[in-house]
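Have a look at the structure below before the remarks.
It should be emphasised that the depicted structure is a prediction, and the values quoted were computed from it without experimental measurement.
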Amino acid sequence: MPAIPAPLDRDAIDIVLFDAMGVLYSAADDVGELLVPYLRSHGCVLRREEIAQLYQECSLGKMSSADFWADAGASGASDEEYCRNHRLTEGVVAVLADLDATGVRLGCLSNDVSEWSKLLRERFRLGEYLTDWFISGDTRVRKPAPEAFTGACRRLDVIPSRILLIDDRAENVSAARAAGLQALRYGTAPLSTMEDLRKELRPW
C-alpha cells in the first residue's frame with residue numbers, strides 16, 4: 001500500500017502553487033477533451049498519439065503555438081478560438097480569494113503551451129491572485145521531472161517544504177513530495193471539489 005502522506009504543516013507554508021488543467025480549469029485531460037476535438041474540427045487527420053507528441057513538444061517550448069497549428073494541419077485554427085473552450089473550475093475563485101486574504105503567496109506550476117497559458121490567465125483575470133507562473137512552455141521542463149519543482153523553488157528563493165502544490169495527477173503529487181514540497185491531490189476523494197479543498201485549507 002502507498003504511504004499515507006503526512007498532514008499539512010500549515011504554519012510552514014509560504015506559497016501555494018496550483019496546477020492548471022484539472023485544478024484551475026475544469027478539463028483535466030485537455031488534450032483528449034478539448035484539443036483533439038478542436039483539431040478535428042479544423043481538418044487535422046493526425047492520430048491522437050501524433051497530436052499528443054506535438055503538444056508535448058510545444059508545451060516544452062520547442063515550437064510556437066503557430067507552428068503547432070501548422071504542423072497539426074489545422075486550417076484556420078487560432079490560440080484565441082481554442083482557448084475559448086476552456087472553463088474555470090467551479091468554486092476556484094473563492095478558494096483563491098480565501099487564500100489571498102491570508103497573505104500567502106499564490107502561483108501556478110503547470111504543463112502547458114506558453115501562449116495558451118497567457119491567454120487563459122488574462123481571460124479569467126487570474127493574475128489578480130496568482131503572481132508567480134511556472135509554465136513548462138517557458139521553463140522547458142514538464143512535471144513530474146524533479147527540475148520542475150526544484151526550479152520553481154530556486155526562482156521563488158524558498159525551501160521546498162514551505163511550498164504547497166495542489167495537483168490532480170498522482171505522479172505529480174508524488175514527485176513534488178519527493179522533492180520536499182508539501183502536496184495535495186485534487187479531483188478525487190476526499191478533495192473532489194473546490195468546496196472540499198476550501199474545507200481542507202480553512203483551518204489555515
Take the angle between the ring planes of Tyr82 and Tyr38 and call it parallel below 30°, perpendicular above 60°, tilted in between. tilted

Name of the residue among Leu164, Leu126, Leu165, Leu96 meeting side-chain contact (heavy atoms from CB on, under 4.5 Å) with Phe18: Leu96

Quick one: are Phe149 and Leu17 in side-chain contact, heavy atoms under 4.5 Å? no

Start with the C-alpha distance between Trp69 and Asp79, add both sets of side-chain angles, then the distance that settles side-chain hydrogen bond (donor to acceptor under 3.5 Å, both in side chains), and finish with yes or no. CA-CA 9 Å; Trp69 299 128; Asp79 297 338; 2.8 Å; yes

Is it true that Asp98 and Arg198 make a salt bridge, defined as a side-chain N closer than 4.0 Å to a carboxylate O? yes

Answer whether the closest heavy-atom distance between the side chains of Trp133 and Ser117 falls below 4.5 Å. yes

Would you mind reporting whether Tyr25 and Val92 have side-chain heavy atoms less than 4.5 Å apart? no

Does a side-chain heavy-atom distance below 4.5 Å link Leu35 with Phe68? yes

Test Ser59 against Gln56 for side-chain hydrogen bond (donor to acceptor under 3.5 Å, both in side chains), laying out the working first. CA-CA 5 Å; Ser59 71; Gln56 185 169 79; over 6 Å; no

So do Ile163 and Ile13 actually touch side chain to side chain, heavy atoms under 4.5 Å? no

Salt-bridge present (Asp19, Lys143; N to O < 4.0 Å): yes

Measure across Ala179 and Pro160 and return the closest heavy-atom pair with its distance rounded to 0.1 Å. O-CB, 3.5 Å

Side-chain contact test, heavy atoms from C-beta onward, threshold under 4.5 Å: evaluate it for Leu8 versus Leu201 and give yes or no. yes

Counting C-beta onward and ignoring hydrogens, is there a side-chain heavy-atom pair between Cys108 and Phe134 closer than 4.5 Å? no

May I ask you to say whether Asp29 pairs ionically with Arg48, meaning some side-chain N is under 4.0 Å from a carboxylate O? yes

Determine whether Arg105 and Asp14 satisfy the following criterion, salt bridge (Lys or Arg N to Asp or Glu O under 4.0 Å), listing intermediate values before the conclusion. CA-CA 6 Å; Arg105 188 171 172 180; Asp14 294 327; over 6 Å; no

Would you say CD of Glu195 has more than 12 non-hydrogen atoms from neighbouring residues, nucleotides or ligands within 6.0 angstrom? yes

Shortest non-hydrogen pair, Arg123 vs Arg87, comes out as NH2-NH1, 3.3 Å

Hydrogens and angles aside, do Gln53 and Glu57 bring a side-chain donor and acceptor to less than 3.5 Å of each other? yes

Do Arg142 and Glu147 meet the salt-bridge criterion of a basic N to acidic O distance under 4.0 Å? no

Shared ILVMFWY cluster between Val95 and Tyr129, side chains joined below 4.5 angstrom? yes

Quick one: does Ser64's side chain get under 4.5 Å of Glu115's, heavy atoms only? yes

Which heavy-atom pair separates Ala72 from Leu46 by the least distance, and what is that distance? CA-CD1, 3.7 Å

